[in-house]
Amino acid sequence: IRRLEESVVNRIAAGEVIQRPSSAVKELVENSLDAGASTVSVTVKDGGLKLIQVSDDGHGIRFEDLPILCERHTTSKLSAYEDLQTIKSMGFRGEALASMTYVGHVTVTTITEGQLHGYRVSYKDGVMENEPKPCAAVKGTQVMVENLFYNMVARRKTLQNSNDDYPKIVDFISRFAVHHINVNFSCRKHGANRADVHSASTSSRLDAIRNVYGASVVRDLMEIEVSDENAGDAVFKMDGYISNANYVAKKITMILFINDRLVDCTSLKRAIEFVYSATLPQASKPFIYMSINLPPEHIDVNIHPTKKEVSLLNQERIIEIIKNTIEEKLRSSNTTRIFQTQAVNPSALTQANMQKEKGTEVKMSSGMKSQKIPVSQMVRTDPRDPSGRLHTYWHGQSSNHEKKSDLVSVRNVVRSRRNPKDACDLSSRHELLTEVDSNCHPGLLSIVKNCTYVGLADEVFALIQHNTRLYLVNVVNVSKELMYQQALCRFGNFNAIQLSEPAPLRELLLMALKDDVLMGDENDEEKLEIAEVNSEILKENAEMINEYFSIHIDKDGNLTRLPVVLDQYTPDTDRLPEFLLNMGNDVTWDDEKECFRTAAAAIGNFYALHPPILPNPSGSGIQLYKKDIDQELLAEAETAWSQREWIIQHVLFPSMRLFLKPPKSMATDGTFVQVASLEKLYKIFERC
Ligand code: ADP
Ligand code: MG
């Protein structure tokens, strides 16, 4: 018997932790998530054997930690064995990076907050190959693993012979993207300009699933939820989505997270498969996304070197409950056809939002308690406050809106059941979205994300507060841009607004032409002709605009459906004629990318929050109504204006916070204008 050399021991252990390229990717992505990243990008060459590169925008690694970063059993996540009981991070063994250095070449580039530059350093067999070199770096950490298994000939050979690991990597990232919906993931092959997974952070799980697995999957999903009532011995909560009878696939997709860890649980998977084949034999290969949460002390995370499996207390009981819940759901859904309509109840929505927001507020404020703020920077508002502060003092807002529900009740939001094929995969759409991303102004983005809505300053500008500054924001411009971006994001996946009556294209176009001042001189016959031509153009392209933008034109040339670009929002139908004229005149039909761009722009323009066409009765416009003593018109105008104000506050601003990527031009074109800063005011007051 001989004692093995440490380097041999380490290499053997490494081969167990890093079994294949995809396990390295999983470990690296988990490290990024543990580091609090909100963006994680993965690049892979030769199925990961040549290169794996994972970049994040997390908290980075401190300079002092770099020397021991890749030693075995060095971690920042655990200090005593007991901590394992309550551990929330995904890593804790301190083995992943070390293992990679024993079977590949690892280079780390990282920068921590507040540093002027980052560091780059390479590792081999657990130690640094050179002193960390200062270098330029963007927020977070980038880990590069090259030539994986260069020193394990047999492993490399089997991997080279077997199928390339790339599909597995894509699969991992897809799963993470479905669970961590507030993180942007991307995964691409080295040199490819299109990502194979590209998920943008969203607030809706279904959006995330749609983004990754496609609309056709989401269409056939049902929500499922169960928690243990008999909380005595096995407390657990499960929620997720499972496919219904219409979902047919060749193999089961089971995405399982237990306490936010991506794991396999063979017995649960078997149980579910069994339920499906017994209840829905024709759809026996389901799609399952499931997130289970248990108290950390009920779960043993340390039973597998790659943490691929976990073991649970009361596992049989938990599986039994989940199995029964699924069975019940399948039986009840098998007899009913699922036809989703969306009830429009804005007041309930804001309430729900408010509750949610309150939850986060509590968390945030307890986390920030200890920070001392200089008095000249103290502000009263909080971006998580769902309604602007000033606003609440003006009038009884919510009751005001309830009265106007007649307009919204027209909305019959029906999920389009057409299969959008792979519409979302079209590369020109990707390019347009990338343009939006790369053109985004980071400063404005932070303002939009963290601002508090104060109120409307006039018909076009709203007042917002960000930290100690006040800004005027052009509501028309930002809403136009938001709608444009949303039209591209939801491309091929829109819900639909059914018009209460089909609207004839030709008449609408004619109406628009008559209103058009530039067309003033031309005679009616010409206008009729132009309307005819435009209506033909739209009819010719009807199939495409229906498929991609959910604008449905029936065979008699009537418009019957419009897309839902932003939930809870329908555009001002007074602008419908103008929109159709826009579509007919301004859309480039013969080039795919330009077509999408111009059509999305036309939609953006239509859905933007323009001032209503009727003059504002609470402004100088009231004179007009007095003259005519037209009470009905006055009431209509009042409704339109207060409705718009409500939507700006409760729909536009919250959505902007979530989705808008403000283009650079908005910093200079008067869309955002700073009007005051507390520090400056303070200086003035100090002088007084
Ligand atoms: P573990 O995740 O089990 O702690 P690893 O070997 O994966 O072990 O990582 C070792 C340590 O390196 C982690 O504890 C963490 O402090 C740091 N680290 C690794 N990756 C990152 C990253 N992307 N961002 C910030 N810190 C990281
Ligand atoms: Mg780790």
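The basis for the numbers below is simple: all heavy atoms, side chains too, and nothing from hydrogens, waters or symmetry mates. Numbering of ligands and ligand atoms starts at 1, following listing order.
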Given ring-ring contact (aromatic ring centres under 6.0 Å, His included), test H105 with Y123 step by step and report yes or no. CA-CA 7 Å; H105 297 111; Y123 295 85; over 10 Å; no

Would you check the N or O atoms of [X], main chain and side chain alike, for any that come under 3.5 Å of an N or O of ligand 1?
X   : answer
D34 : no
T75 : yes
A98 : no
G91 : no

So does G240 get a backbone contact from the side chain of E223, meaning a donor-acceptor N/O pair under 3.5 Å?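 It does not hold such a pair.
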
Given 3.5 Å as the limit, does a donor-acceptor pair link the side chain of R93 with the main chain of H73, or not?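 It does not hold such a pair.
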
Test of understanding: given a 4.0 Å heavy-atom threshold, classify the contact between T141 and ligand 1 as side chain, backbone, both, or neither.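 The part of T141 near ligand 1 is the side chain, not the backbone.
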
Residue portion contacting ligand 1 (non-hydrogen atoms closer than 4.0 Å) for E30: neither

Using a strict 4.0 Å cut-off to heavy atoms of [X], name the atoms of ligand 1 that fall inside it.
X   : result
H59 : 25 (C), 26 (N)
A96 : 6 (O), 7 (O)
A35 : 24 (N), 25 (C)
F92 : 1 (P), 3 (O)
L69 : 12 (O), 17 (C)
R93 : 3 (O)

Only pairs under 3.5 Å count here: list side-chain donor-acceptor contacts from residues 2-14, not counting sequence neighbours, and write none if there are none.
{"from": "N10", "atom 1": "OD1", "to": "R72", "atom 2": "NH1", "distance (Å)": "2.9"}
{"from": "N10", "atom 1": "ND2", "to": "E6", "atom 2": "O", "distance (Å)": "3.4"}
{"from": "N10", "atom 1": "ND2", "to": "Y102", "atom 2": "OH", "distance (Å)": "2.8"}
{"from": "R11", "atom 1": "NH1", "to": "N151", "atom 2": "O", "distance (Å)": "3.3"}

I'd like to know: is the Mg ion (ligand 2) within the 2.8 Å range of an N/O/S atom from N31, strictly under that distance?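 Checking N31: at least one N, O or S atom is under 2.8 Å.
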
Under a 3.5 Å cutoff, is there a donor and acceptor pairing between the side chains of S22 and D165? yes

Nearest non-hydrogen partners of A137 and T109, listed with the distance: CB-CG2, 4.3 Å

Compare T74, L28, D57 and give the one whose heavy atom is closest to atom 10 (C) of ligand 1. T74

Please confirm whether E95 comes under 4.0 Å of ligand 1, counting heavy atoms of the residue only.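 A heavy atom of E95 does come that close to ligand 1.
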
Does the residue G58 have a heavy-atom contact with ligand 1, meaning some pair of atoms that are separated by less than 4.0 Å? no

Are there more than 12 heavy atoms of other residues, nucleotides or ligands under 6.0 Å from atom NZ of K77? yes

Are D57 and K139 ion-paired here, with the side-chain N under 4.0 Å from a carboxylate O? no

